[in-house]
Amino acid sequence: MSPKKNARVGKRPASSGDGETERAGGKRKAAASDETGENKESSKSSASPQHCHWLMKSEPESRFENGIDVKFGIEDLKALPNQTSCWDGVRNYQARNFMRQMKEGQLAFFYHSNCKEPGIAGIMKIVKEAYVDHTQFDKKDVHYDATSKPANPKWSMVDVQYQRMMKRFVPLSELKKYHLQHRAKGGPLKDMVLFTRARLSVQPLTAEEFDFVLSLEDKQPL
DNA sequence: GCCAACGTTGGC
DNA sequence: GCCAACGTTGGC
């Protein structure tokens, strides 16, 4: 349940971007490539830029979607056996493509969204690389996708394992202050995807962004 | 392929 | 609860 449950998080069909979407690159036919989505981006070599750090959003407070509670906060992840969960329910091509780029062992921030205090709650590790998200075929699931066929699944998920809580919760409001400051005068958060593409539920961070956010743990709240 | 209408995300 | 931003859909 993870993000799956969180509704918005993964779930939506919102983005587009990359992969299959057609319009995105102008190529609508993306279809062909889409599956991976990744291929396309790199026409030249083979790999995409290749990110190593991530931020994944989920909703820590109860919210009902089709009668199902989509709540899934970091405490919920921590409480699972092995503190591990699949991150299902992502229904956005760009977010999906980022998940497909994830490698075992990489770290991701667990971000709490659509709640009283949005922000970064803790850290998790990617413990299983992208595989088929079975919830897309489950009519009972909030994120069922009637347009996806088992012979050619559209959606993927990864498994994540809880690592630790942040030493202190790092609120969105604080990150935003740094972002604005850095945008004006330069600094590691000047192009943070959390602000440049606010609705994306799975997003990459540069090493500099990741390290800067970590450094905030030991600083006084701005 | 364009674009208006519509739906969703998610901060506030 | 509101609503701005933005992604998706579907007519043409």
Side-chain angles (χ1 to χ4, degrees), chain A residues 1-35 37 40-41 54-74 76 87-100 108-122 133 135-136 141-149 153-157 169-181 183 189 191-205 213 216 221-222:
Chain A
M1 33 203 70
S2 27
K4 40 175 56 288
K5 318 240 27 326
N6 24 299
R8 285 87 172 320
V9 170
K11 42 216 38 289
R12 62 335 228 14
S15 34
S16 49
D18 339 41
E20 327 216 315
T21 319
E22 357 248 322
R23 302 159 142 265
K27 39 218 28 273
R28 56 166 31 207
K29 280 356 221 4
S33 49
D34 25 354
E35 353 247 287
K40 49 169 51 286
E41 341 227 307
W54 310 96
L55 179 150
M56 301 169 87
K57 300 179 184 177
S58 188
E59 302 184 36
E61 295 173 4
S62 284
R63 190 173 63 79
F64 290 84
E65 201 172 314
N66 303 335
I68 298 169
D69 192 356
V70 297
K71 167 186 185 308
F72 188 76
I74 194 165
D76 298 299
W87 201 268
D88 59 319
V90 171
R91 297 292 182 267
N92 168 290
Y93 292 117
Q94 191 166 30
R96 178 204 69 177
N97 290 345
F98 282 132
M99 284 202 298
R100 290 180 177 182
F109 285 128
F110 194 124
Y111 179 89
H112 281 173
S113 68
N114 203 27
C115 57
K116 217 47 123 347
E117 170 114 90
I120 295 174
D133 178 349
T135 66
Q136 67 197 302
D141 195 276
V142 192
H143 301 115
Y144 171 65
D145 181 356
T147 70
S148 181
K149 298 292 176 270
K154 287 188 179 177
W155 308 111
S156 301
M157 62 186 181
F169 182 84
V170 180
L172 174 65
S173 58
E174 181 174 349
L175 293 170
K176 188 164 197 171
K177 287 176 194 165
Y178 281 111
H179 167 65
L180 293 173
Q181 200 173 290
R183 209 175 53 180
L189 299 196
D191 297 318
M192 195 180 188
V193 176
L194 190 58
F195 303 103
T196 60
R197 319 227 27 212
R199 296 173 48 180
L200 191 59
S201 66
V202 175
Q203 42 185 272
L205 280 79
V213 172
L216 296 179
L222 237 208

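Computed from a predicted model, the values in this text were never measured in an experiment. Within every chain, numbering begins at 1; the chains are lettered A, B, ... in the order of the sequence lines, protein sequences first and strands thereafter.
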**Prompt:** Once you round it to whole Å, what is the distance between P of dG11(B) and NZ of K176(A)?
**Reply:** 9 Å

**Request:** Check step by step if side chain to side chain contact (heavy atoms under 4.5 Å, CB included) holds for L216(A) and Y178(A).
**Result:** CA-CA 10 Å; L216(A) 296 179; Y178(A) 281 111; 3.5 Å; yes

**Message:** Using 30° and 60° as the class boundaries, would you call the ring planes of F98(A) and W54(A) parallel, tilted or perpendicular?
**Reply:** tilted

**Prompt:** Can you check whether S148(A)'s main-chain N or O pairs, donor with acceptor, with Q136(A)'s side chain at less than 3.5 Å?
**Reply:** no

**Message:** Rounding to an integer number of Å, can you tell me how far E59(A) CD sits from dT9(B) P?
**Reply:** 8 Å

**Prompt:** OP1 or OP2 of dG10(B) less than 4.0 angstrom from a side-chain nitrogen or oxygen of K116(A), does that happen here?
**Reply:** no

**Item:** Whether D191(A) side chain and T196(A) backbone form a donor-acceptor pair below 3.5 Å
**Value:** no

**Asked** Side chains of L172(A) and Y111(A): does their closest heavy-atom pair fall under 4.5 Å?
**Response** yes

**Request:** Would you indicate, yes or no, if dG11(B) has its OP1 or OP2 atom less than 4.0 angstrom from a side-chain nitrogen or oxygen of Y111(A)?
**Result:** yes

**Spacing of L175(A) atom CG relative to dG11(B) atom P, expressed in whole Å** = 11 Å

**Message:** In whole Å, I'd like the distance from the CG atom of N114(A) to the P atom of dC12(B).
**Reply:** 12 Å

**Request:** Could you tell me which residues satisfy side-chain contact (heavy atoms from CB on, under 4.5 Å) with F169(A), sequence neighbours excluded, listed by chain and number?
**Result:** H112(A), E117(A), A121(A), P171(A)

**Item:** Candidate nucleotides dG11(B), dC6(C), dG10(B), ranked by approach to the side chain of R199(A) - the nearest
**Value:** dC6(C)

**Prompt:** Can you check the F72(A) CZ to dG10(B) P distance for me, whole Å?
**Reply:** 16 Å

**Asked** Using 4.0 Å as the upper bound for N to carboxylate O, is an ion pair formed by R63(A) and E65(A)?
**Response** yes

**Message:** Whole angstroms only, please: what is the CZ-P distance between R63(A) and dT8(B)?
**Reply:** 10 Å

**Prompt:** Between E117(A) (CD) and dG10(B) (P), how many Å, whole number?
**Reply:** 17 Å

**Request:** Please state whether the phosphate of dT9(B), meaning OP1 or OP2, lies under 4.0 angstrom from any side-chain nitrogen or oxygen of K57(A).
**Result:** no

**Prompt:** Just how far, in rounded Å, is P of dA5(C) from CG of L200(A)?
**Reply:** 18 Å

**Message:** In this structure, which stretches of DNA chain C are paired as stems of three or more consecutive Watson-Crick or G-U pairs, both distances less than 3.5 Å?
**Reply:** B:1-12 with C:1-12

